[in-house]
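Contents: one structure, followed by commentary.
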Number of protein chains: 2
Amino acid sequence: MDESGWDRSRCSVAGTLAVVGEKWSLLVLREAFLGVRRFADLQRVLGAPRAVLTDRLNTLVAEGLLRRVPYRAEGERQRHEYRLTQKGLDLYPALVALMAWGDRYLSEDGEAPLGLRHRDCGERVHLALVCDAGHELSGARDVRPVPAVQPPAAAVSGGAPPR
Amino acid sequence: MDESGWDRSRCSVAGTLAVVGEKWSLLVLREAFLGVRRFADLQRVLGAPRAVLTDRLNTLVAEGLLRRVPYRAEGERQRHEYRLTQKGLDLYPALVALMAWGDRYLSEDGEAPLGLRHRDCGERVHLALVCDAGHELSGARDVRPVPAVQPPAAAVSGGAPPR
DNA sequence: CGCGCTGAGTTCGCTTGACGAACTCACTCG
DNA sequence: CGAGTGAGTTCGTCAAGCGAACTCAGCGCG
C-alpha cells in the first residue's frame with residue numbers, strides 16, 4: 001500500500017518549500033534578483049504588510065539566502081540592505097522556471113512581461129532539462145525518478161506519469 | 001524612485017504563485033509526478049488535512065493543471081483519480097529546480113533522497129540555463145533582465161545583482 | 001539645542017487559512 | 001440487510017496574514 005517506497009519527510013522539494021515556501025518569500029527573492037535591496041523599496045513594490053516582510057527577510061537572512069549589508073546614503077543615517085548570498089543566487093533557476101510557466105500560461109497579451117537575456121551575447125535565456133550524456137529532454141515524461149533508498153518490496157509507481 | 005520601471009502586478013512569478021503558491025499545491029504536484037493519483041494515497045503520503053487537500057485539488061483542476069479521470073478498481077465503485085495535464089506537466093522544471101536546491105543545501109547525509117535519470121540513457125538529469133545561441137550560463141549573474149515595456153526614464157537596476 | 005522627517009520596525013484588532021477529529025454519503029461486497 | 005471503504009464535508013481551534021497606527025533612532029534644518 002505504500003507508494004513507491006521512499007521517505008517523503010526528507011523530500012528536497014518539501015525542504016526547500018519549508019525555507020522559501022511561505023507567502024512573499026519567493027517574491028522577495030525575485031526583487032532581490034532585480035536589484036531591489038532596501039526594506040522600503042521592497043515594501044512599496046510588493047505591497048506586503050511590513051510585519052510580514054520583516055519576518056520573511058529575517059527568515060531569509062537566518063537561512064543564509066540573504067545577508068544584511070550596512071550602507072550609508074547621503075543625508076541619512078546608516079542602514080542595512082539585503083543582498084543575495086550564493087545560497088540565494090542558486091535559487092535562480094527555480095524562479096526562472098516559475099516565470100517561464102507563467103509567461104506561457106498566464107499572459108493574455110502574448111508576451112512575457114520580463115525577458116531574460118544572456119549578458120554576453122544578448123540572446124534569450126531559458127531553462128533546459130539535460131542529462132549528463134548531453135541529451136536534451138523534452139519534459140517530465142523522459143525522466144525516471146529513482147529513490148536513493150532501495151524500495152523495500154512494493155513498487156506501485158515505476159516512474160514518470162502516464163498520459 | 002521607481003525601481004527599474006516595470007509593472008510588478010503582471011509578473012509571471014507572482015501569477016504562477018497565485019496558482020500553485022498555496023500550501024501543499026506544489027507537493028501535490030510532486031506526488032502527481034511520482035504517480036500518486038488517488039485522494040487517499042495523496043492524503044496518507046502528504047499528511048495534509050483532508051479539507052485542505054480537497055481544496056487544493058479542486059483549485060488545480062479548475063486551473064487546468066490536473067484533470068479528474070474516472071476509474072474503477074475491482075470490488076469498488078467508480079471513482080476518479082487526478083492526472084497531470086500538459087499544463088501541469090510543464091511545471092516540472094520548477095519542481096526539479098526546487099528539488100535541486102534542496103539536494104544541494106538541505107541534505108546532511110550527502111546525497112539526494114530522489115535521483116532523476118534520463119529514461120533513455122540512464123544518465124543523471126539536471127537543469128541548465130542556456131541561451132538561444134547555445135551558451136550555457138553559470139548563474140543569475142550572467143543574465144540581464146529586460147522589461148517588455150521600455151523603461152520610461154529611470155533605470156535604477158541595469159541588470160543582475162552584484163555580489 | 002529642539003523639531004520634524006524618514007526608514008525600519010513593532011503592536012494591535014480583525015479576517016483568513018490551516019489543522020485534526022468527527023460526521024456524512026455513496027456504493028460494493030458478503 | 002449490514003459492515004466496510006474512499007472521498008469528501010463540517011466544526012471548533014489555533015496560527016498566519018492583513019492594514020492601520022504607533023515607536024524609535026538618527027539626520028538635517030533652523
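Chain letters run A, B, ... following the sequence lines, proteins first, then strands; residues in each count from 1.
- Between A/Tyr82 and A/His80, the angle of the ring planes goes over 60°, which puts this pair in the perpendicular group of the 30/60° scheme.
- Using a 4.0 Å cut-off, some side-chain N or O of A/Lys23 falls inside it from OP1 or OP2 of D/dC18.
- In this entry the distance linking CZ of B/Arg72 with C1' of D/dA7 reads 16 Å, nearest Å.
- Within the 4.0 Å cut-off from OP1 or OP2 of C/dA22, not a single side-chain nitrogen or oxygen of B/Arg50 is found.
- Between the CG atom of A/Leu53 and the P atom of D/dA16 there is a distance of 17 Å, given to the nearest Å.
- Out of C/dA18, D/dA7, D/dG19, the shortest distance to the side chain of A/Pro49 is found at D/dG19.
- Here the nucleotide nearest the side chain of B/Val52, chosen from C/dT28, D/dA7, C/dA18, is C/dA18.
- In this structure, B/Arg56 reaches the sugar-phosphate backbone alone: every heavy-atom distance under 4.0 Å involves primed, P, OP1 or OP2 atoms, never a base.
- Between the P atom of D/dG19 and the CG atom of A/Leu46 lies a distance of 12 Å, rounded to the nearest Å.
- Between the side chain of A/Ser25 and the main chain of A/Gly21, no donor-acceptor pair closer than 3.5 Å is present.
- A/Ala40 comes within 4.0 angstrom of sugar-phosphate atoms only, judged by non-hydrogen atoms across all strands, and of no base.
- Atom CG of A/Asp55 and atom P of C/dA8 are 17 Å apart (whole Å).
- Taking side-chain N and O atoms only, B/His80 has a distance below 4.0 Å to OP1 or OP2 of D/dG8.
- Distances shown here put every side-chain N or O of A/Tyr82 at or beyond 4.0 Å from the OP1 or OP2 atom of C/dG7.
- Of the candidates D/dC18, D/dG26, C/dA18, D/dG26 carries the atom nearest the A/Arg77 side chain, counting heavy atoms from C-beta on.
- For the pair B/Gln43 CD and C/dG20 P, the computed distance is 10 Å after rounding to whole Å.
- Checking A/Arg79 against A/Ala51, the closest nucleotide of DNA chain D that is more toward the 5' end is the one next to A/Ala51.
- A/Val45 and A/Leu42 fall within the same hydrophobic cluster, where Ile, Leu, Val, Met, Phe, Trp and Tyr residues are linked whenever their side-chain heavy atoms come under 4.5 Å apart, directly or through other members.
- Distance B/Phe39 CZ to C/dC25 P: 17 Å, rounded to the nearest Å.
- The separation between A/Arg37 atom CZ and C/dG7 atom C1' is 17 Å, rounded to whole Å.
- Heavy-atom minimum distance, B/His118 versus B/Val125: N-CG2, 3.4 Å.
- Of the charged side-chain nitrogens involved, none lies within less than 4.0 Å of a carboxylate oxygen, so that B/Lys87 and B/Asp90 do not count as a salt-bridged pair.
- Between A/Asp41 atom CG and C/dG9 atom P the separation is 13 Å, expressed in whole Å.
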